[in-house]
Each structure stands twice: as structure tokens, then as C-alpha cells.
Amino acid sequence: MDAHAGQVAPRRHPRLSRGWPGWRRTALLLLEHLAIAGGYVLLGWLGMVLMPDGRLITIWPAGGFALAMLLLRGTSRWPAVLLGSLLNAYWFVPWQWVVAEGTTVSAVQEYAATLLTGVARAFSTVVGVWLIRRYVGTTRWPHTVRGVITFVVVAGLGHSAIAAFTTHAALLAVGLVELGPLFLRQTWIWFNANSAGVLAVTPVFLALAEGPTGRPHRARWEVALVTALSLLAALIALDLRRRFNDVGIPLAYPMIPIVLWAALRFGAQGAVLSCLLWGGVAFYSMYLLKVGELALARGFTHYQARFVVLTAFILVLAAAFEERHQMQRALEKERESLEARVAERTRELARFLSLLHSSLESTADGLLVVDLKGHITAMNQRFAELWRLPASVLESGDDARALGFVREQVVDPEAFVSRVEHLYAHPELESEDEVHLEDGRVFHRVSRPQRLGEEIVGRVWSFRDITVRRQAEAERDRLLVEESRARQEAERAFREAQKALGMRDDFLSIAAHEMKTPLTTMQMQLQRLQRLVAGASGGQVEAARLKPVVAAALRQLRRFQDLADQLLDITQLTTGRLDPQHEPLDFREVVAEQLEQHAEAAQKARSELRLECTGPIPGECDRLRLGRIVGCLLSNAIKFGAGSPLTVRLEAGERRVRLQVIDHGIGIAPEDHARIFERLERAVDSRHYGGLGLGLWIARQSAEALGGRVTVESELGKGATFTVELPRSCQPTSMRRDEPPAEQERPTA
């Protein structure tokens with residue numbers, strides 16, 4: 001938003017608010033152009049008036065005026081210079097004096113010459129401004145010797161030569177002059193006139209436009225005196241010229257001392273004004289000369305050259321005076337600045353010493369400064385308090401005595417003294433360590449050389465009591481260790497929780513799928529049974545047709561019951577509410593029952609079930625848990641050993657029974673032997689092999705609940721052998737859970 005938003009602008013006439021400022025600027029710009037053109041015409045008329053006998057142009061002040069205006073107001077004012085030049089050429093320039101005698105000038109040639117010379121003068125003025133900006137570096141009057149010399153060369157010589165050449169080239173183009181002596185003579189005359197006009201007029205406007213610069217202030221009486229003497233000398237010169245017609249320009253030379261005085265006392269302003277007055281007297285005297293043409297030509301060249309050289313010298317002299325004054329003033333300011341800085345540094349040093357003393361006393365560190373001879377040169381009260389130094393030691397100023405007193409307070413006096421002596425023997429060394437005291441305090445000690453410039457003059461000792469900090473750091477480290485342990489425990493618990501949640505989600509997904517399969521199959525069998533009953537004639541259905549349907553439904557029901565039993569086993573085994581019910585039984589009989597129940601599944605998997613057992617094995621065990629162990633191992637073997645024979649080997653020992661389920665399937669990698677007995681863990685992808693991933697976990701948990709264990713021996717591609725060892729008779733619960741398993745005994749058939 002606009003920064004002036006919210007301000008109410010004053011009400012104005014709508015047309016004036018829009019159009020008047022633009023018209024006003026245009027009118028002022030037009031008046032400025034007319035004023036410049038008028039000044040050019042007026043000074044051009046003056047230059048034409050000062051022509052001796054109407055034959056030689058002595059000075060062209062209009063060229064110097066035009067150059068000054070474009071430097072001060074910008075080259076955008078060139079139309080004013082062009083207008084003034086055209087008017088001057090049309091009104092005042094008699095073309096007969098530039099052409100050969102007897103040459104007739106037509107009206108067309110006059111108008112063409114007027115136009116082309118006007119354009120040439122405007123062009124040369126713009127080029128002169130560019131040259132001054134390029135080589136002098138400023139559009140104002142330079143106040144250095146180098147700048148003035150460059151201005152004299154560029155403006156007084158270079159610009160004047162361009163103006164004279166372009167003007168006469170325009171006359172050559174319209175046929176008023178021809179290449180030859182006359183062309184060179186007129187070009188030379190105009191070069192001198194332009195040079196005199198630039199050096200006499202341009203510096204006046206440039207120097208007076210910026211006021212007094214680069215010179216000391218002068219009293220008013222001196223200004224009045226120089227002005228009066230200059231006018232008096234000019235009047236005397238003109239009066240003598242009137243009385244003695246043949247004296248000429250040298251009458252103006254008595255004014256030179258006054259010109260030098262003005263340049264050396266008033267700088268550029270005095271120089272340009274006095275040179276202008278001197279030049280006016282000189283050129284007016286030249287105008288009044290009544291001599292022959294040859295003498296006039298010689299005097300013209302002689303006196304114009306003197307005027308240009310003397311004017312340039314006066315301007316350079318004034319610049320040298322101003323430059324010297326500026327350097328003197330700069331040196332004076334630098335001297336005053338140095339004196340002020342010295343005084344300020346002196347005050348700062350006094351204040352610094354005061355602050356240093358107060359800082360030494362207010363700091364929390366104990367500070368001690370010792371010179372190279374072992375004398376104490378500075379010490380604060382904090383140092384005495386830390387080391388509990390008595391007044392006698394402090395007043396002595398002897399570092400050796402103070403060292404002898406404090407060495408008895410440290411834990412290792414020999415190392416303490418040895419370190420101090422080593423640092424005194426090597427003054428350039430720096431040291432930083434800790435000192436432990438007998439009373440339990442800890443000091444942080446820093447020692448550095450004391451330097452005066454590049455010279456080492458002593459040693460500075462700094463002691464800080466860091467006892468509380470060390471205690472806090474120890475407590476912090478202890479808390480950090482505890483926090484790290486707590487964080488690790490929390491992270492572990494979080495990971496376990498995340499894992500448990502993932503396992504729960506996987507289990508629910510797999511369980512839903514596994515339970516849905518037998519239910520769907522059972523539903524299909526019941527629907528088939530319903531169709532058989534509905535389609536029977538007389539309400540009678542043949543048993544041969546009902547038997548396979550009912551058998552299939554019973555198989556799916558048993559499968560669903562097995563899944564439900566597994567879920568119940570998970571709850572009991574996880575919560576620890578499983579209480580085995582031991583009863584007398586025959587281990588061989590329970591294994592045979594499981595083989596019979598899994599015979600159909602093995603047949604579908606194209607696997608042959610074999611039982612290797614020499615006879616009955618009586619004992620005591622939980623029939624349901626034992627059947628669950630055998631069933632889980634058989635289901636696992638059928639699933640992963642499909643297409644190969646499965647062997648169940650049962651061996652009995654005196655106190656233990658060994659059951660082995662051997663398959664020749666895909667096998668298990670050694671690194672997965674322990675993992676497959678965990679809940680919901682598999683060694684293969686569940687997308688290729690169904691099941692809940694709980695069978696082996698239930699088998700291991702059930703075996704351990706009965707006082708036994710389950711192990712596996714397998715390699716990838718070589719099948720697997722699961723071995724279950726169970727006690728043959730009932731054992732107390734405490735013995736089963738607390739005592740280590742008995743040594744493996746050699747089973748007997």
C-alpha cells in the first residue's frame with residue numbers, strides 16, 4: 001500500500017492539478033532556452049564588435065558561454081546553442097570577410113552557410129562537453145592543478161580546434177571558401193578566437209556557479225581593495241591608450257600583479273574575474289589599434305598567444321593555491337583528529353585502568369600476575385580467598401613463599417610444584433588443567449604468558465572453583481545414563497508393542513481366512529445334503545450317497561474344531577492357565593490315533609505315513625496335550641513335506657519317551673531353527689503355505705508344560721527332523737518348571 005494512504009489531499013482545481021505543473025515546467029524550460037540563445041547572440045555581437053578594423057576576430061566569447069551552459073545545465077540544452085548560433089550567423093556575420101576578395105556571395109550560399117555553421121558550432125560544443133566529462137571528469141570547475149591543465153588542453157585547445165575546423169568545413173561545403181592559404185588563415189584566426197573565448201568566459205561561469213570553494217575566508221576590505229585597484233588599473237590603461245594611440249596591449253600588463261594577487265588570495269573566483277577584466281582591457285586595446293594589415297596580423301597572433309598563456313598560467317596558479325589550501329586544511333583536520341584521538345585514548349586508558357582494577361576484584365576467578373623475577377605484580381582478593389592466604393604472604397609479594405604455602409593444600413604437591421616450575425622455565429608455554437585439593441575442592445587452572453607487545457614480561461595465573469560444576473556434571477552423567485537406559489527400555493517396549501500389534505493383525509487376518517475355508521466347505525456339503533434330501537423319491541435317500549457328503553462335512557468340522565482348539569491353546573498357554581491332566585495311557589496308541597486322523601490329509605498331499613514303534617509304551621501323560629503335540633508336528637510335516645514319505649518314530653527309555661517326525665520336504669535354514677518355534681513365525685511366505693503359524697509354537701509350549709522339549713534338525717532342501725522328548729511318568733509342577741531337564745538318556749526300543 002502507499003505510504004501516504006489515509007491522508008486527505010488538498011482540493012485543487014482538477015485542470016490545474018493535472019495540467020499546470022507540466023505547462024509551468026515547459027514554459028520555464030522554454031525561457032531557459034531563450035535566455036541561453038539570447039546570451040549567445042549578445043556575446044557573439046560583442047565578439048564581432050571587438051574585431052580590429054572589422055578584419056580580424058580577436059575573441060569569440062559566445063563559444064565559451066555556450067560550453068559553460070551545456071556543462072552547467074546539461075547537453076539537452078543544445079537546441080538553445082543552435083538557435084543562438086543561427087541568429088548570430090544570420091544577423092552579425094558579414095560573409096564578405098571570410099571569402100576571397102571579389103567573390104560574390106549569393107543568398108542561397110548565405111542561408112546555407114548560416115545553417116551549416118550554426119549546426120557545426122552546436123555540434124562542436126556538445127563534443128567539447130563530452131571531452132571535458134571524459135578527460136577532466138567533472139562538469140564543474142576543477143580545483144586541482146591537474147584538472148585545470150587538462151581543462152585548458154581539452155577545452156582551450158581541443159574544443160577550440162574542433163569548433164574552428166567544423167565551422168570552416170561548413171563554409172567549404174557551401175563554396176564560400178576553398179582549400180588553401182585563406183582556409184588555413186581563417187581556421188587559425190577562429191581557433192585563437194575560440195580559445196580566448198573559452199579561457200576567458202567558461203571559467204567565469206563554472207567557478208562562480210559553485211561559490212567560494214577551496215580557499216580561506218577573506219575580509220571584505222580586501223575584496224573591496226582588490227576590486228578598486230583592478231578597476232583603477234583598467235581605467236588607467238584605457239586612458240593611456242586614448243592618449244597614446246601606438247601603445248597598444250602592453251598597457252594592460254601593469255594589471256598582472258593585481259591578477260596574481262587575486263588568484264593567490266581568492267582562488268578560482270578571483271582568478272577568473274581578474275583574468276576577464278584583464279582580457280577585456282587587452283582586447284579592447286587591440287580593437288583600438290590603427291595599424292597596417294601586416295602589423296595587425298603580427299600583433300594579433302602575438303598578443304592572443306600571450307593572453308592564452310597568461311590566462312592558463314593564472315588559472316593553474318589559482319588551482320595550485322586552492323589545492324595547497326585544501327591539503328593544508330586536510331592536514332590541519334588530520335592533526336586535530338589525531339589530537340582528539342590521543343586525548344580520547346588517554347581518557348580511555350585511564351578509564352580502562354580503573355575498569356581493569358574493578359574487574360580484577362569483581363571477577364569470580366582468582367588472578368595472579370608474576371614477573372620474570374618471581375615478584376607478584378598483581379593479585380585480586382578472590383585469589384587470596386580461594387587459597388586462604390594469610391596477610392603476611394600477601395604483603396611479601398614473593399611468589400615462592402606463596403607457592404610454598406599453597407602446595408600443602410593440593411592432593412599431589414610434587415606434581416603441582418613440578419608443573420609450576422616447568423612453566424616458569426618455559427615462559428612462552430600456555431597451560432590449562434585442573435588442581436584437586438585435599439578438602440575436596442577442584443580448581444580449574446589456566447596459565448598464559450604476559451606480553452608487552454612481542455616481549456614476554458611475566459606470567460598470568462587464573463584459578464576458578466569448579467567443585468560444584470564437577471559435582472553437577474557427575475550427577476548429570478548419572479541421570480543421562482539412567483535416562484538413556486529408560487529410553488532404550490521404552491524404545492524396546494515400543495518396538496515389542498508394535499511387533500505384537502503387527503503379529504495380532506496378521507494373526508487375525510490369517511485366522512479369519514483359515515476359519516472361513518472349512519465353514520465355506522461345510523456349508524457347501526450341507527447344501528448338497530439338502531439337495532439330496534429334497535430330491536429323494538418317497539423321502540428316502542440312499543446311504544451310499546449320504547455317506548461321502550457327511551464324511552466331508554465332518555472333516556471340515558474337525559478342521560474348524562482344530563482351529564478353535566488352537567485359539568484356545570493360545571489363550572491358555574499365554575496366560576499360564578494350562579493345567580495338564582495326567583492319566584495312564586499308551587504313547588503308541590495316542591500317536592497311532594493322530595496318524596489315523598491325518599491319513600486323509602497325507603493322502604491328498606501324496607505322502608506316505610510310516611510309524612516305527614516296536615510295541616506299546618505305557619506311561620502317564622495328558623492325552624489331549626500329547627495328541628496336540630503330535631498333531632501339530634504331523635500337520636507341519638504334511639504341509640512342508642508333501643510328495644515325500646513321512647516317518648514317525650517312537651522310542652521309549654526308562655524315564656523318557658522320544659518322538660521323532662521326519663519329512664523329506666523343503667527343509668529349514670539353520671538361522672531359522674529358533675525362530676520357527678515363536679508365535680506367528682514362519683520360515684516361508686504365508687502366501688504360499690497356509691496355516692496360522694502357531695503349530696510349532698503350540699507344540700513347544702505344550703511340551704514344556706508337560707516337562708519336555710522340542711528340537712529340530714534340518715537344512716534347506718534336505719527335509720527336517722523334529723524331536724520331542726517327554727517324561728514317561730508324571731512329575732511335580734515345580735520340578736518341571738524349576739529344575740533343568742534331565743540328561744538325555746539312551747532310549748530303548
Would you say Pro727 and Arg655 make side-chain contact, with heavy atoms under 4.5 Å?
no
Short question: side chain of Ser396, backbone of Val393 - any donor-acceptor pair under 3.5 Å?
yes
Does any part of the side chain of Asp586, heavy atoms only, come nearer than 4.5 Å to the side chain of Ile617, both counted from C-beta?
yes
Excluding sequence neighbours, so at least two apart, what forms ring pair (Phe, Tyr, Trp, His ring centres under 6.0 Å) with His426?
His422
Going by heavy atoms in the side chains, are Pro413 and Val410 under 4.5 Å from each other?
yes
Examine distances only and state if a side-chain atom of Arg459 and a backbone atom of Pro427 form a donor-acceptor pair shorter than 3.5 Å.
yes
Point-to-point distance, once rounded to the nearest 0.5 Å, from NZ of Lys718 to CD of Glu713
13.0 Å
When rounded to the nearest 0.5 angstrom, what distance separates SG in Cys632 from CZ in Arg700?
12.5 Å
N/O donor-acceptor pair under 3.5 Å between Thr467 side chain and Val442 backbone:
yes
Between the side chains of Glu482 and Arg478, is the shortest nitrogen-to-carboxylate-oxygen separation below 4.0 Å, so that they form an ion pair?
yes
Heavy atoms of Ala699 and Leu633 approach each other most closely as CB-CD2, 4.4 Å
Phe463: which residues meet the ring pair (Phe, Tyr, Trp, His ring centres under 6.0 Å) condition with it, sequence neighbours left out?
Phe383, Trp387
Any salt bridge between Asp439 and Arg388, counting N to O under 4.0 Å?
yes
Identify the two heavy atoms, one from Ile668 and one from Ala720, that lie closest to each other, and give their separation to 0.1 Å.
CD1-CB, 4.4 Å
Give a yes or no on whether the backbone of Leu367 and the side-chain of Asp365 come within a donor-acceptor separation of less than 3.5 Å.
no
Between Leu646 and Leu634, is there a side-chain heavy-atom distance shorter than 4.5 Å?
no
Are the side chains of Phe443 and Asp465 in contact, using a 4.5 Å heavy-atom criterion?
yes
Hey, does Leu403 have a side-chain heavy atom less than 4.5 Å from the side chain of Phe416?
yes
So which heavy atom on Ser714 is nearest to which on Gly719, and how close?
OG-O, 2.6 Å
Minimum heavy-atom distance between Arg445 and Arg419, given as atom pair plus value:
NH2-CG, 3.5 Å
A quick test of your reading: do over 12 heavy atoms of other residues, nucleotides or ligands sit less than 6.0 Å from CD of Glu491?
yes
Looking only at atom types and distance, does a side-chain atom of Arg441 sit under 3.5 Å from a main-chain N or O of Leu386, one as donor and one as acceptor?
yes
Spacing of OG1 belonging to Thr723 relative to CG belonging to Leu659, to within rounding of 0.5 Å:
8.5 Å
Taking every heavy atom of Phe587 against every heavy atom of Cys621, the minimum-distance pair comes out as CZ-CB, 3.9 Å
Check this for me: does any side-chain nitrogen of one of Glu612 and Arg610 sit under 4.0 Å from a carboxylate oxygen of the other?
no
Under the side-chain contact (heavy atoms from CB on, under 4.5 Å) rule, what do Arg401 and Ser392 come out as? Steps first, then yes or no, please.
CA-CA 10 Å; Arg401 184 176 179 183; Ser392 58; 3.6 Å; yes
Taking the side chain as every heavy atom from C-beta outward, state whether Arg658 and Arg656 have any pair of such atoms under 4.5 Å apart.
no
Using the side-chain contact (heavy atoms from CB on, under 4.5 Å) rule, take Val370 and Gln450 through it: C-alpha gap first, then chi angles, then the decisive distance, then the call.
CA-CA 9 Å; Val370 182; Gln450 183 186 27; over 6 Å; no
Tell me whether the count of non-hydrogen atoms from other residues, nucleotides or ligands lying under 6.0 Å of CD in Glu473 goes above 12.
yes
Within this structure, what is the CG-CD1 distance for the pair Leu624 and Ile629, rounded to the nearest 0.5 Å?
10.0 Å
Rounded to the nearest 0.5 Å, what separates atom CG in Leu389 from atom CE in Met379?
6.5 Å
Once rounded to the nearest 0.5 Å, what's the spacing between atom CD of Glu483 and atom CD of Gln488?
11.0 Å
Side chains of Pro618 and Arg728: closer than 4.5 Å at any heavy-atom pair?
yes
Minimum heavy-atom separation for Ser635 and His598, please, with both atom names.
OG-NE2, 3.2 Å
